[in-house]
Asker: 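First the structure, then my questions, so here it is.
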Amino acid sequence: MELIDVIISKENLNRAYKKVVANKGAGGVDGMIVEELGAYIKENKDEIVRSIRNRTYMPKPVRRVYIPKDNGKMRPLGIPTVLDRVIQQAIAQPIIDIYEELFSEFSYGFRPGRSCHDAIKQALEYLNEGYEWVIDIDIEQFFDKVNHDKLIQTLREQVNDSTTLNLIRKYLKAGAMEKGLEKATTSGVPQGGPLSVVLSNVYLYKLDKELEQRGLRFTRYADDTMVFTKSEMAANRVMKSITDWIERKLFLKVNATKTKVVRPTRSKYLGFTFLNHGGEWKVKPTTEKKKS
DNA sequence: ATTAGAAACTA
RNA sequence: CCGUAGUUUCUAAU
């Protein structure tokens, strides 16, 4: 039994469908909404499953939408068709099962049973152990810069099913519809589908392994990585070599100005600020909560 | 213990 | 109108 068979199994597809419907998200480029999805699948499920199985299924391009971020910049979203979201979710579920036990215990983003709070707790542990020189690594537009070949190559180590890998690659190359015209996607994982977060963790799983092999203390939340060392000298040395490794091995660009060695008090992490109370490191929310 | 709905936050 | 993942809180149900 190949992985593609568990992906297109009735139970897996049904779980994926329920998840997409529960989200009540907006429609993709074909304009179909989640309320219409059930009837459409009922009518076409045999043909859909068959085309996935014999590799003729072609994902639709994602619908490009820009949403404003806190810092005034715009974040590009790629919204897949509701049907493609079901198929992506169906791919993601077994992939997650495979990778969850392999992922680093210091990787906290987008993973079941893990939260920002856990990452903060780990960071505080490092600080209170005396690792007070922090390297804040900023990867430039991570989601848009992921290298397709490197990602597939990484997946191949655990997923030895060519039909599944072929389908995933089609989703990576599905393209984006921007005001009427289609734009090819030659790199990146489309932000907006259930697969993107899983694939991002698979890609940066390689970084986790490298950091662990070097015996470094770190926490990672999605592309947000912090490394903790005991001296400024070590921090600078590690920052340079890790930056070099990321650019050479992961084909990503590390932002030279935003990547820096900082003291904990000067750094904000996942919405929290570190502060030292009589020799002990604590944390407080960066954004003030309004009192009710 | 699970499922379902609402809100907030992180990326 | 703007997607996805996780977490937290609340409510309801089995």
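Predicted, not measured: the structure shown is a model, and the values here were computed from it. All values below were derived from every heavy atom in this structure, side-chain atoms included, with hydrogens, water molecules and symmetry-related copies excluded. Convention: sequence-line order gives letters A, B, ...; per-chain numbering from 1.
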Asker: Strictly below 4.0 Å: does Arg85(A) bring a side-chain N or O up to OP1 or OP2 of U4(C)?
Answerer: yes

Asker: Answer yes or no: is there an ion pair linking Lys258(A) with Asp136(A), defined by an N-O contact shorter than 4.0 Å?
Answerer: no

Asker: Would you indicate, yes or no, if G3(C) has its OP1 or OP2 atom less than 4.0 angstrom from a side-chain nitrogen or oxygen of Arg75(A)?
Answerer: no

Asker: Separation of Asp144(A) atom CG from dA11(B) atom P, in whole Å?
Answerer: 17 Å

Asker: Can you tell me the distance, in whole Å, between the NZ atom of Lys69(A) and the P atom of dA11(B)?
Answerer: 9 Å

Asker: In this structure, how many angstroms lie between the C1' atom of dA4(B) and the NZ atom of Lys19(A), rounded?
Answerer: 14 Å

Asker: Roughly how far, to the nearest 0.5 Å, is the CZ atom of Phe228(A) from the CD atom of Glu132(A)?
Answerer: 11.0 Å

Asker: Working note: Tyr205(A) + Ser107(A), criterion side-chain contact (heavy atoms from CB on, under 4.5 Å); need CA distance, chi angles, decisive distance, verdict.
Answerer: CA-CA 8 Å; Tyr205(A) 151 79; Ser107(A) 160; over 6 Å; no

Asker: Answer yes if the side chains of Tyr99(A) and Asn201(A) hold a donor-acceptor pair under 3.5 Å, and no otherwise.
Answerer: no

Asker: When all nucleic acid strands are considered with a 4.0 Å heavy-atom cut-off, which category describes Gly109(A): base, sugar-phosphate, or nothing?
Answerer: nothing

Asker: Over how many whole Å does the gap from Leu204(A) atom CG to dA11(B) atom P extend?
Answerer: 15 Å

Asker: When you measure from every atom of DNA chain B, which of residues 110-129 of chain A have a heavy atom less than 4.0 Å away?
Answerer: Phe110(A), Cys116(A)

Asker: Between atom CZ in Phe103(A) and atom C1' in A5(C), what is the gap in whole Å?
Answerer: 12 Å

Asker: Return yes if some donor-acceptor pair links the side-chain N/O of Thr154(A) with the main-chain N/O of Lys150(A) below 3.5 Å, else return no.
Answerer: yes

Asker: What's touching nucleotides 6-8 of chain B from the protein side, N or O pairs under 3.5 Å?
Answerer:
| unit_1 | atom_1 | unit_2 | atom_2 | d |
| --- | --- | --- | --- | --- |
| dA6(B) | OP1 | Lys24(A) | NZ | 2.3 |
| dA6(B) | OP2 | Lys24(A) | NZ | 3.4 |

Asker: Rounded to whole Å, please give me the gap between CZ in Arg64(A) and C1' in C1(C).
Answerer: 18 Å

Asker: Taking any heavy-atom pair under 4.0 Å as a contact, classify Asp223(A): base, sugar-phosphate, or nothing.
Answerer: sugar-phosphate

Asker: To the nearest 0.5 Å, how far apart are CZ in Arg111(A) and CD in Glu100(A)?
Answerer: 4.0 Å

Asker: Whether Asn23(A) contacts G3(C) is assessed here as follows: a side-chain N or O lying under 4.0 Å from the phosphate OP1 or OP2. Is that the case?
Answerer: no

Asker: Could you go through the side-chain contact (heavy atoms from CB on, under 4.5 Å) check for Leu151(A) and Leu199(A) one step at a time?
Answerer: CA-CA 8 Å; Leu151(A) 175 57; Leu199(A) 295 183; 4.0 Å; yes

Asker: For U4(C), does either OP1 or OP2 sit under 4.0 Å from a side-chain N or O belonging to Gln89(A)?
Answerer: no

Asker: Could you measure between the two P atoms, the one in C1(C) and the one in dA6(B), and give it in whole Å?
Answerer: 14 Å

Asker: Heavy atoms from C-beta onward define the side chain here; which of C2(C), U4(C), dA11(B) lies closest to that of Leu270(A)?
Answerer: dA11(B)

Asker: Thr163(A) and Glu2(A): side-chain donor and acceptor closer than 3.5 Å?
Answerer: no

Asker: What's the separation between atom CG in Asp223(A) and atom CZ in Arg220(A), rounded to the nearest 0.5 Å?
Answerer: 8.5 Å

Asker: Is there a side-chain contact between Ile79(A) and Val65(A) in this structure, where contact means two heavy atoms from C-beta onward sitting under 4.5 Å apart?
Answerer: yes

Asker: What integer distance in Å separates Ile67(A):CD1 from U4(C):C1'?
Answerer: 10 Å

Asker: Closer to the 5' end of RNA chain C via nearest nucleotide, is it Tyr221(A) or Pro68(A)?
Answerer: Pro68(A)

Asker: What is the separation between atom OH on Tyr108(A) and atom C1' on dC9(B), rounded to the nearest whole Å?
Answerer: 18 Å

